[in-house]
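Please read the structure below before turning to the comments.
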Amino acid sequence: YINLGTIFFLDKSYEEARNCYIKSLNYNSRNEKALYNIAMTFLQTNVLERAKEYFSKAIELNPRYLNAYINLGIVNKRLELVDEAIFCFETALDINPNEADVHYNYANIFLKNEQYNTALIFFRKALELNSKDAYKIYYSMGFVHQNKNEFDIAMKYYNKSLEYKKDYPDAHFAKGTIELLMGDFKNGWKEYEYRWDSNNELKRPTYGVKWLQTPDEAKNKKILVQQEQGYGDNIQFVRYVYKLLELNAEVFLAVRDPLLKLFTSIPKVHLVQNNDTVENIDYFTSLMDLPRIFYDFQDEFLYKDKYIDFIKEDIFEVKNKNRLNIGFVWRGNPAHKGDKKRNIPINNFEKLFALSNCDFYSLQYENDEELDKYLLEYKNIYKCKDLIKDFNDTANIITKLDLVITIDTSMIHLCGALAVKAFLILGANCEWRWLLNRDDSIWYKSIKIFRQNSISSFNELFENIYTELKKLSK
């Protein structure tokens, strides 16, 4: 049964493999290998609690089961049980201090905790012990340096990774994000295409039709455009749909509920959702592939004025039109992978709240409880949460404000797409789309960027915003 299970496992038929391993336990309930293999099937399918259960059972039978400790450490890391993960890797090092996988996975704990220099020490030790996985280790070292904003060094490590494995998608994708950050769109969009094959949640959908590759293919054709990644990405890159329309393409745009009403303002585009059936499609593409396809027309899309509209509804009015009316956002979607890096403590806004002749409107649609104590202290703060059901509602609100101050969430893209004046609060580790060392956006004319100079503090950034608001509120 174990051998048959291994055949299924190698074929990625994890449920069938698990059933075989379970049957083997009928013959020997204390078979540590069978328990370990069952745990691996759960790990491969990301059923982490069950994986943890079976790795632990294997370790009970064999307290020096090296691979079980390594993989239990990986499970604990994914479950964000950092102390338990560290215990597993420390125990594994005690069993075998020369096991490269332990050093590699231990390094990833330090990387996750932003202890970058310590992570590099462990990655180097892993490299010293295991040259066959050099491509993966060099990539990880590059990722550390990218997180430290040491982009030239990161690129050297990514290129080194590709020397060992020229088609390694993670290294290509990471290179692409740096090239885009540097404004090298020609190479950046090409490398960004590797996102579909790299180790992340993005998977290229297939609908049994050809994938659009060139503008010429789109002429007079029916094109299905798949939404991709976050709401902000959809708002930013929906501008490229107009180019398909110029080619006389019939465009079907997949859209999620919160954007549906807003995107009805896009003329001549059919909006579709999960349960809709679209027949006789000629080509399929993803919204964030369009910048690569239409790269030769890049200048038409950068630095844009308003390019979407909204359905106007009477849901909001400012309290006093004679004051400076400001919307603000300090937290993003907690499900976003980089949410912790972009969120800011709300106490940074205190000095702004104290400004005379300014009213502040919270545009948070969730997670705004920490604002309550400020509502008691300041009488110029208002919540809009109960007014917001979707992006069209938000559009109705922000277009009646004088300014929006926001972190890097979908809000900044909505402001830019509607040409609403906005201040973007940008952390030291920013996304590629905002480039480096500039206070304007190549994508939106209405946005001014305020960049964090020190990773540990937003004080200087908010002093600059305070100065700007004093000028505007005179």
Side-chain angles (χ1 to χ4, degrees), residues 149 232 303 318-332 338-365 367-368 370-375 377-384 394 397-431 433-474:
N149 288 350
Y303 220 59
V318 297
K319 301 295 182 182
N320 188 338
K321 292 184 179 180
N322 294 319
R323 293 166 67 80
L324 187 66
N325 292 291
I326 304 166
F328 66 104
V329 175
W330 70 96
R331 296 181 66 84
D339 197 49
K340 290 181 181 178
K341 288 187 177 181
R342 62 183 183 173
N343 290 343
I344 57 173
I346 192 173
N347 60 11
N348 285 289
F349 283 88
E350 286 184 24
K351 190 171 183 178
L352 308 186
F353 294 154
L355 280 166
S356 60
N357 205 32
C358 292
D359 284 344
F360 292 86
Y361 296 84
S362 167
L363 301 171
Q364 299 285 148
Y365 64 92
N367 303 317
D368 68 344
E370 57 190 329
L371 183 62
D372 291 344
K373 72 172 185 178
Y374 295 98
L375 295 175
E377 184 176 352
Y378 298 94
K379 303 306 178 185
N380 60 337
I381 303 175
Y382 309 94
K383 283 188 177 187
C384 297
T394 307
I397 295 171
I398 65 176
T399 50
K400 292 185 176 180
L401 298 173
D402 300 303
L403 173 70
V404 173
I405 302 173
T406 177
I407 61 170
D408 184 9
T409 70
S410 55
M411 181 62 69
I412 195 66
H413 297 285
L414 184 61
C415 289
L418 292 168
V420 170
K421 185 172 183 177
F423 290 171
L424 170 59
I425 299 169
L426 205 58
N429 295 112
C430 69
E431 283 207 338
R433 70 198 75 215
W434 306 118
L435 308 186
L436 294 173
N437 305 319
R438 55 190 302 161
D439 64 3
D440 65 336
S441 166
I442 64 170
W443 301 99
Y444 308 110
K445 283 186 177 180
S446 64
I447 289 174
K448 182 171 183 178
I449 300 173
F450 292 80
R451 294 178 182 269
Q452 182 189 31
N453 292 324
S454 168
I455 291 179
S456 61
S457 173
F458 283 93
N459 290 343
E460 183 180 349
L461 183 156
F462 271 88
E463 281 295 330
N464 293 335
I465 292 178
Y466 177 79
T467 301
E468 290 275 343
L469 293 188
K470 285 190 72 173
K471 293 177 186 176
L472 291 171
S473 60
K474 283 183 179 179

Query raised in the report: To the nearest 0.5 Å, how far apart are NZ in K448 and CG in D440?
Result: 10.0 Å
Query raised in the report: Just by distance, do the side chain of D408 and the backbone of C430 share a donor-acceptor pair under 3.5 Å?
Result: no
Query - S457 backbone acceptor or donor facing Q452 side chain under 3.5 Å - result: yes
Query - Over 12 non-hydrogen atoms of neighbours within 6.0 angstrom of NZ in K400 - result: yes
Query raised in the report: How many angstroms lie between atom CG of L352 and atom CZ of F462, to the nearest 0.5 angstrom?
Result: 6.0 Å
Query raised in the report: So, the side chain of N357 versus the backbone of S473: is there a donor-acceptor pair under 3.5 Å, distance only?
Result: yes
Report task. Let me know which of N343, T406, L371 forms a side chain to side chain contact (heavy atoms under 4.5 Å, CB included) with W330. Result -> L371
Report task. State, yes or no, whether a side-chain contact exists between E460 and N464 at a heavy-atom distance under 4.5 Å. Result -> yes
Query raised in the report: Is a side-chain N or O of N325 found less than 3.5 angstrom from the main chain of R323, in a donor-acceptor match?
Result: yes
Query raised in the report: Considering only heavy atoms from C-beta outward, does the side chain of L401 approach that of I326 to under 4.5 Å?
Result: no
Query raised in the report: So how far is it from N453 CG to N459 CG, rounded to the nearest 0.5 Å?
Result: 11.5 Å
Report task. Report the residues that fulfil salt bridge (Lys or Arg N to Asp or Glu O under 4.0 Å) with E350, sequence neighbours left out, ordered by chain and then residue number. Result -> none
Query - Derivation and outcome, side-chain contact (heavy atoms from CB on, under 4.5 Å), residues Y361 and V318 - result: CA-CA 9 Å; Y361 296 84; V318 297; 3.6 Å; yes
Report task. Could you check Y365 against T394 for side-chain contact (heavy atoms from CB on, under 4.5 Å), going step by step and ending with a plain yes or no? Result -> CA-CA 9 Å; Y365 64 92; T394 307; over 6 Å; no
Query raised in the report: Is any side-chain heavy atom of F349 less than 4.5 Å from a side-chain heavy atom of I425?
Result: yes
Query - Non-hydrogen side-chain atoms of Q364 and V329 separated by less than 4.5 Å - result: yes
Return all side-chain donor-acceptor pairs below 3.5 angstrom for residues 414-421, not counting sequence neighbours, or 'none' if the list is empty.
none

Report summary line: Distance col, row F458:CZ vs R451:CZ, nearest 0.5 angstrom, shows 12.5 Å
Query raised in the report: Is there a side-chain contact (heavy atoms from CB on, under 4.5 Å) between L461 and N348 once you walk through the steps?
Result: CA-CA 10 Å; L461 183 156; N348 285 289; over 6 Å; no
Query raised in the report: Between F328 and F353, is the ring centre distance below 6.0 Å?
Result: yes
Query raised in the report: Should the pair D359-K319 be classified as a salt bridge under the 4.0 Å nitrogen-to-oxygen rule?
Result: no
**Report entry** Closest heavy-atom pair and its distance - C384, I397
**Finding:** CB-CD1, 4.1 Å
Query - Salt bridge D372-K383, side-chain N to carboxylate O under 4.0 Å - result: yes
Query raised in the report: Do side-chain atoms of W443 reach the backbone of R433 as a donor and acceptor pair under 3.5 angstrom?
Result: yes
Report task. Specify the closest pair of heavy atoms between W434 and S441, including all atoms of both residues, with the distance to one decimal. Result -> CZ3-OG, 3.6 Å
Report summary line: dist F450:CZ -> L426:CG (nearest 0.5 Å) comes out at 11.5 Å
Report task. Under the side-chain contact (heavy atoms from CB on, under 4.5 Å) rule, what do L355 and K470 come out as? Steps first, then yes or no, please. Result -> CA-CA 8 Å; L355 280 166; K470 285 190 72 173; 3.6 Å; yes
Query raised in the report: Of the non-hydrogen atoms in L324 and L472, which two are nearest, and what is the gap between them?
Result: CD2-CB, 3.8 Å
Query raised in the report: If every non-hydrogen atom of N380 is compared with every non-hydrogen atom of C358, which pair is closest and at what distance?
Result: ND2-O, 2.9 Å
**Report entry** Test side chain to side chain contact (heavy atoms under 4.5 Å, CB included) applied to S410 - qualifying residues, sequence neighbours left out
**Finding:** Y231, F391
Query - Considering all heavy atoms, the nearest T409-R331 contact - result: CG2-O, 4.3 Å
